[in-house]
Amino acid sequence: MYNFKEVEKKWQDKWYSEGTFNAKNDYTMKKWYGLIEFPYPSGQGLHVGHPRSYTALDIIARKRRMQGYNVLFPIGFDAFGLPAENYAIKNHIHPKITTDKNVHHFREQLKSIGFSFDWSREINTTDPDYYKWTQWIFIQLYKHGLAYKATMPINFCTGCKVGLANEEVVNGVCERCGSPVVQKEKSQWMLRITKYAQRLIDDLDDVDYLDKIKAQQRNWIGRSEGAEVKFEISGTEDYLLVYTTRPDTIFGATYMVIAPEHKLIEKYKDRITNLDEVEEYKKKAALKSDFERSELNKDKTGVEIKGIKAVNPLTNEEIPIWISDYVLGSYGTGAIMAVPAHDTRDFEFAKKFNLPIKQVIRDKNSSEDDGNKELTEAFTDVENGIAINSGFLNGLTSKEAIKKVIEYLEEHKLGEKKVNYKLRDWVFSRQRYWGEPIPMVYCEKCGWVPVPEEELPLKLPDVKDYEPGENGESPLAKHEEWINTTCPHCGGKARRETDTMPQWAGSSWYYLRYMDPHNDKELASKEALEYWSPVDWYNGGMEHTTLHLLYSRFWHKFLYDIGVVPTKEPYAKRTSHGMILGSNGEKMSKSKGNVVNPDEMVRDYGADALRVYEMFIGPFDQTAQWSMDSIRGCLKFLDRVWNMQDFLVDGDEYSPKFEKMMNKAIKKVSSDIEEMKFNTSVATFMTMVNEFYKAKEINKAEFETFLQLLNPFAPHITEELNQRIGGKEELAYKAWPTYDEAKTIEDTIEIPVQIKGKVKTTITINKDEDEEVVKEKAKEAIKSQIEGKKIIKEIYVKNKIYNIVIG
RNA sequence: GCCGAUGUGGCGGAAUUGGCAGACGCACCAGACUCAAAAUCUGGCGGGAAACCAUGUGGGUUCGAGUCCCACCAUCGGUACCA
């Protein structure tokens with residue numbers, strides 16, 4: 001009987017004490033760098049979702065070692081973050097203490113599953129030796145003008161009087177006390193990621209990410225091409241600047257809309273005759289949280305600004321200006337020209353406030369559309385539009401009209417071509433204790449000054465009070481002894497920045513630190529960076545394919561620009577795994593009581609069974625449902641593997657009856673691993689075991705190869721069996737098996753014989769048999785069904801199929 | 001609404017990418033072993049008496065469609081007025 005407890009312990013002790021899987025410092029070897037998203041060490045411990053991703057890359061890493069690569073497969077902990085801080089506040093235990101405890105637990109759990117991580121390179125984002133370099137990167141960003149202060153709204157709980165993270169705001173109210181959450185203006189550090197928007201799109205062409213990941217990145221950045229157009233404000237030299245992707249519809253612009261935040265109101269308040277009404281609207285809009293603005297108020301609201309009007313530059317008509325919160329201050333110019341006939345939102349707004357709707361595009365595919373009928377909805381299709389009622393654009397397709405009108409605008413200095421992105425700059429400040437201190441000081445005389453690099457790391461002060469500050473201030477704002485310092489520039493009195501960095505900071509560059517984790521001179525040495533960059537294969541969750549991936553690509557590109565890293569992109573290849581749901585098909589959560597604890601799985605079924613099951617559970621990139629019956633089935637499979645010892649016979653070569661199967665299996669498993677089709681690899685192993693059981697025989701050569709193929713999936717049992725059957729070398733150090741293509745091909749093939757595409761029978765033929773011989777044989781086999789019928793057509797595909805069409 | 005997935009036996013899923021639908025596993029049934037049970041081993045297992053019918057629904061292309069095209073339905077994930 002297979003005792004997985006004993007066997008797994010034995011091999012783990014050996015691997016982790018000897019450092020079997022540690023990367024070598026031999027920079028002449030060919031390298032492979034595999035990366036998994038390092039976990040946040042939560043109090044709940046490891047989730048069964050973690051081993052899905054980790055086992056997958058562990059399998060690839062183990063295979064790469066056997067293929068002769070110097071493999072870097074590191075692990076660390078992304079340990080700053082909200083849960084530790086909230087737990088600390090509630091239970092009055094310092095977050096460092098809980099974090100250390102959780103990390104310890106995670107480490108034990110990860111080791112119990114037998115991952116081939118290089119534990120000598122373990123990192124932790126809360127370690128000052130680590131965040132020293134996170135702070136260093138921030139200072140470089142600041143020095144290059146990519147970090148700046150701006151006033152940005154934060155979520156502010158009206159009950160607790162603290163700033164909240166987005167995830168703490170649930171349906172517009174505070175997650176903890178249920179009070180309404182409003183937006184509060186606060187001066188924050190921002191990172192200018194928008195400067196990299198175009199490169200973040202363009203360089204996707206050079207990396208091997210799943211298409212859906214690339215699509216998500218592109219959508220998030222949200223590039224759009226259009227024009228900025230000037231609309232003169234009647235009776236002034238001034239103009240209102242708008243952004244539009246449809247400059248071909250300017251003839252149909254019947255009014256303008258500005259965002260509540262727009263500075264136009266301040267500028268012309270003397271001329272506005274209904275200023276009170278406008279100010280009232282502004283105030284109401286400001287009080288609304290993001291949630292109210294977007295979720296609750298699909299219904300458009302707005303107020304006309306009376307006393308000022310704009311002039312349509314192409315029709316020269318005077319049109320009214322409205323204020324409405326469906327126009328966002330943060331996108332484009334914060335003002336739009338409204339073309340109700342050809343924009344859904346403008347159409348709704350115009351209908352509600354009875355504004356004129358002027359059709360200037362007709363549908364080229366609709367004979368009824370002559371531009372004279374009343375529209376029931378906006379016509380927005382760019383592909384099928386023809387300009388009408390549009391002066392010099394009449395008759396042009398929408399695309400031609402866009403080109404022509406931009407030329408016209410540029411020629412008459414009325415506007416210009418413009419590209420916009422949805423992507424916003426990155427709000428980098430958090431009013432929190434448990435994060436990296438932002439290494440900046442403020443001096444009355446010199447303004448913001450970075451902490452000198454030789455003084456890094458700027459350590460998070462070890463304080464007892466990390467309760468949130470008053471009015472959304474950071475907890476650090478209460479610690480005067482830490483805040484007060486001297487200006488590095490003039491030596492005068494200065495105060496430290498009290499906000500900390502977001503959790504994204506430490507994870508934006510951690511893959512670089514793994515290359516040289518103990519370096520106290522640089523974030524990593526030039527040689528290490530040159531050798532290990534880029535990450536060859538990065539696997540993680542779909543939930544991180546927008547923000548984390550984008551942020552780290554941005555930091556990497558910046559580090560490339562200042563000559564720190566040698567590659568433009570951090571990750572050569574990115575894949576993602578599907579989620580694991582509870583056995584009831586719902587997301588695992590304590591409240592639903594469907595959480596599966598990996599410790600219990602290792603205890604009851606063993607690490608190998610857990611690993612094999614998580615690979616067998618279904619297609620790797622898709623959501624899967626946990627099943628206790630199935631993990632039991634995987635343990636049964638491993639027991640059958642163990643008992644194959646009883647059939648062992650001598651033999652240094654594959655026996656004739658298994659030669660084909662062995663060669664085919666090597667081929668199949670090798671390619672399955674590369675394509676992450678782990679589930680069919682496991683099926684292959686099971687089929688092989690069934691065959692060995694049928695024969696009640698397996699020779700040494702066959703057993704050794706079988707064990708080696710299975711080793712990346714189930715490393716413990718295979719090493720143990722290999723030792724027992726007298727394998728000379730440990731599997732971890734052996735070369736990956738090779739196959740002979742010729743020996744994967746069967747000599748005889750069964751092919752279906754069809755009549756009109758329906759299978760009637762199958763015949764067995766020799767491979768590459770002569771066409772006429774096959775046809776003869778097939779016709780003989782279905783003689784009764786074709787006798788006396790006229791054969792109209794015959795389709796013969798060599799080694800595949802023979803199909804007869806009869807009359 | 002938009003973007004991205006997914007839909008195949010009782011269940012999880014497979015299908016060389018247009019060529020025998022249901023590999024492999026679970027569950028279930030039967031047999032062997034056992035005083036008996038568990039474990040293990042062996043066999044069976046989409047529906048239908050059969051012709052045949054079956055891959056979410058309806059159409060199409062093809063000698064041939066789970067796979068390609070068109071329209072729709074359902075489920076899941078992401079996102080939220082981006083001009």
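So you know, we letter chains A, B, ... as the sequences are listed, proteins then strands, and number each from 1.
A/Lys214 meets the salt bridge (charged side-chain N to carboxylate O under 4.0 Å, His left out) test with no other residue; sequence neighbours excluded.
Toward the 5′ end of RNA chain B lies the nearest nucleotide of A/Met579, the other residue of the pair A/Arg424 and A/Met579 mapping further downstream. Judged by closest nucleotide on RNA chain B, A/Lys696 is the one of A/Lys696 and A/Asp346 placed further toward the 5' end.
Across B/rA21 and B/rA65, the matching C1' atoms stand 11 Å from one another, rounded to whole Å. Rounded to whole Å, the separation between the P atoms of B/rC70 and B/rC3 comes to 14 Å. A distance of about 23 Å separates the C1' atoms of B/rC11 and B/rU57, rounded to the whole Å. For the P atoms, the distance from B/rG31 to B/rG48 is 23 Å, rounded to whole Å. Nucleotides B/rU55 and B/rG10 place their P atoms 13 Å apart, quoted to the nearest Å. Taking atom C1' on both B/rC52 and B/rU42, the two are 33 Å apart, rounded to the nearest angstrom. Rounded to a whole angstrom, the distance from the C1' atom of B/rU61 to that of B/rC69 is 7 Å. Spacing of C1' atoms, B/rG77 relative to B/rA30, comes out at 44 Å, to the nearest Å.
Here A/Arg640 lies in heavy-atom contact (under 4.0 Å) with sugar-phosphate atoms only. A/Lys677 comes within 4.0 angstrom of sugar-phosphate atoms only, judged by non-hydrogen atoms across all strands, and of no base. Residue contacts for A/Thr762: at a heavy-atom cut-off of 4.0 Å it reaches a base atom on one of the strands shown. Across all strands, A/Tyr693 comes closer than 4.0 Å only to sugar-phosphate atoms, never to a base (heavy-atom distances). Using a 4.0 Å heavy-atom distance criterion, A/Val759 is classed as a sugar-phosphate-only contact.
For A/Lys775 and A/Glu769, the salt-bridge test fails: no basic side-chain N is under 4.0 Å from an acidic carboxylate O. A salt bridge is absent between A/Asp343 and A/Arg246; no separation between the charged side-chain nitrogens and carboxylate oxygens falls under 4.0 Å. A salt bridge between A/Glu228 and A/Lys417 is absent, with no side-chain N of the basic residue lying under 4.0 Å from a carboxylate O of the acidic one.
Across every strand in view, B/rA30 sits in a pair with B/rU42 that passes the Watson-Crick or G-U test at under 3.5 angstrom. Taking a pair to require two hydrogen-bonding distances under 3.5 Å in either a Watson-Crick or a G-U wobble arrangement, B/rA50 remains unpaired. Here B/rA71 sits opposite B/rU57 as a Watson-Crick or G-U wobble pair (both hydrogen-bonding atom distances under 3.5 Å). With a cut-off of 3.5 Å on both pairing distances, the Watson-Crick or G-U wobble partner of B/rG12 is B/rC24. Base-pair partner of B/rG4: B/rC76 (Watson-Crick or G-U wobble, both distances under 3.5 Å).
For A/Arg345, no side-chain nitrogen or oxygen approaches OP1 or OP2 of B/rG1 to under 4.0 Å. One finds a side-chain N or O of A/Lys636 lying less than 4.0 angstrom from the OP1 or OP2 phosphate oxygen of B/rC26. Residue A/Tyr331 places at least one side-chain N or O closer than 4.0 Å to OP1 or OP2 of B/rA83.
By the rule that a glycosidic angle within 90° of 0 means syn, B/rU17 counts as syn. A glycosidic torsion no more than 90° from 0 defines the syn conformation, and B/rG9 adopts it.
A/Phe353 and A/Tyr255 have their aromatic ring centers separated by at least 6.0 angstrom. Residues A/Phe692 and A/Phe647 keep their aromatic ring centres 6.0 Å or farther apart. In this structure, the ring of A/Phe620 has its center less than 6.0 angstrom from the ring center of A/Phe678. Close placement of the A/Tyr613 and A/Trp626 rings is indicated, their centers lying within 6.0 Å of each other. Less than 6.0 angstrom separates the ring centroid of A/Phe713 from the ring centroid of A/Phe685. A centroid separation of 6.0 Å or more is found between the aromatic rings of A/Phe616 and A/Phe637.
A donor and an acceptor atom never sit less than 3.5 Å apart when one is taken from the side chain of A/Arg218 and the other from the base of B/rC3.
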Tabulated below should be each protein N or O lying under 3.5 Å from an N or O of nucleotides 52-55 of chain B; please produce it.
| from | atom 1 | to | atom 2 | distance (Å) |
| --- | --- | --- | --- | --- |
| B/rC52 | OP1 | A/Lys760 | NZ | 3.1 |

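Within residues 660-672 of chain A, no residue approaches RNA chain B, by heavy-atom distance under 4.0 Å. Proximity of residues 682-690 of chain A to RNA chain B (heavy atom under 4.0 angstrom from any strand atom) is restricted to A/Ala683, A/Met686, A/Thr687, A/Asn690.
Rounded to whole angstrom, the span from the CD1 atom of A/Ile801 across to the P atom of B/rG64 amounts to 12 Å.
Ranking B/rA83, B/rA15, B/rG19 by closeness to the A/Thr245 side chain, first place goes to B/rA83. With distances taken from any side-chain atom of A/Lys422 to the nucleotides B/rU42, B/rA27, B/rC82, the minimum falls on B/rC82. Among the nucleotides B/rA83, B/rG19, B/rC82, the one closest to any side-chain atom of A/Gln754 is B/rG19. Of the candidates B/rC20, B/rG64, B/rA83, the closest approach to any side-chain atom of A/Asn803 belongs to B/rG64. The nucleotide whose nearest atom lies closest to any side-chain atom of A/Val327 is, among B/rU40, B/rA83, B/rC20, B/rA83. When distances are taken from the side chain of A/Lys793 to each of B/rC20, B/rU79, B/rC63, the shortest belongs to B/rC63. Here B/rG19 is the nucleotide among B/rA83, B/rA27, B/rG19 with the atom lying nearest to any side-chain atom of A/Lys800.
One side chain, A/Asp381 or A/Asn384, offers a donor N or O that lies under 3.5 Å from an acceptor on the other. The closest side-chain donor-acceptor pair between A/Asn663 and A/Asp740, if any, does not fall under 3.5 angstrom. A side-chain donor from one of A/Tyr802 and A/Glu794 sits under 3.5 Å from a side-chain acceptor of the other.
Residue pairs meeting the salt bridge (Lys or Arg N to Asp or Glu O under 4.0 Å) criterion with at least one member in residues 676-691 of chain A, sequence neighbours excluded: A/Glu675-A/Lys677, A/Glu691-A/Lys694.
A distance-only check finds a donor-acceptor pair linking the side chain of A/Thr545 to the backbone of A/Met542 [under 3.5 Å].
The structure places CD of A/Glu586 at 4.5 Å from NZ of A/Lys592, a figure rounded to the nearest 0.5 Å.
Taking the six-membered ring where tryptophan is involved, the planes of A/His47 and A/His50 are perpendicular, since the angle between them exceeds 60° and thus also 30°.
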*What does nucleotides 4-13 of chain B look like as a protein-contact string, B for base, S for sugar-phosphate only, - for none, at under 4.0 angstrom between heavy atoms?*
S-S-----BS
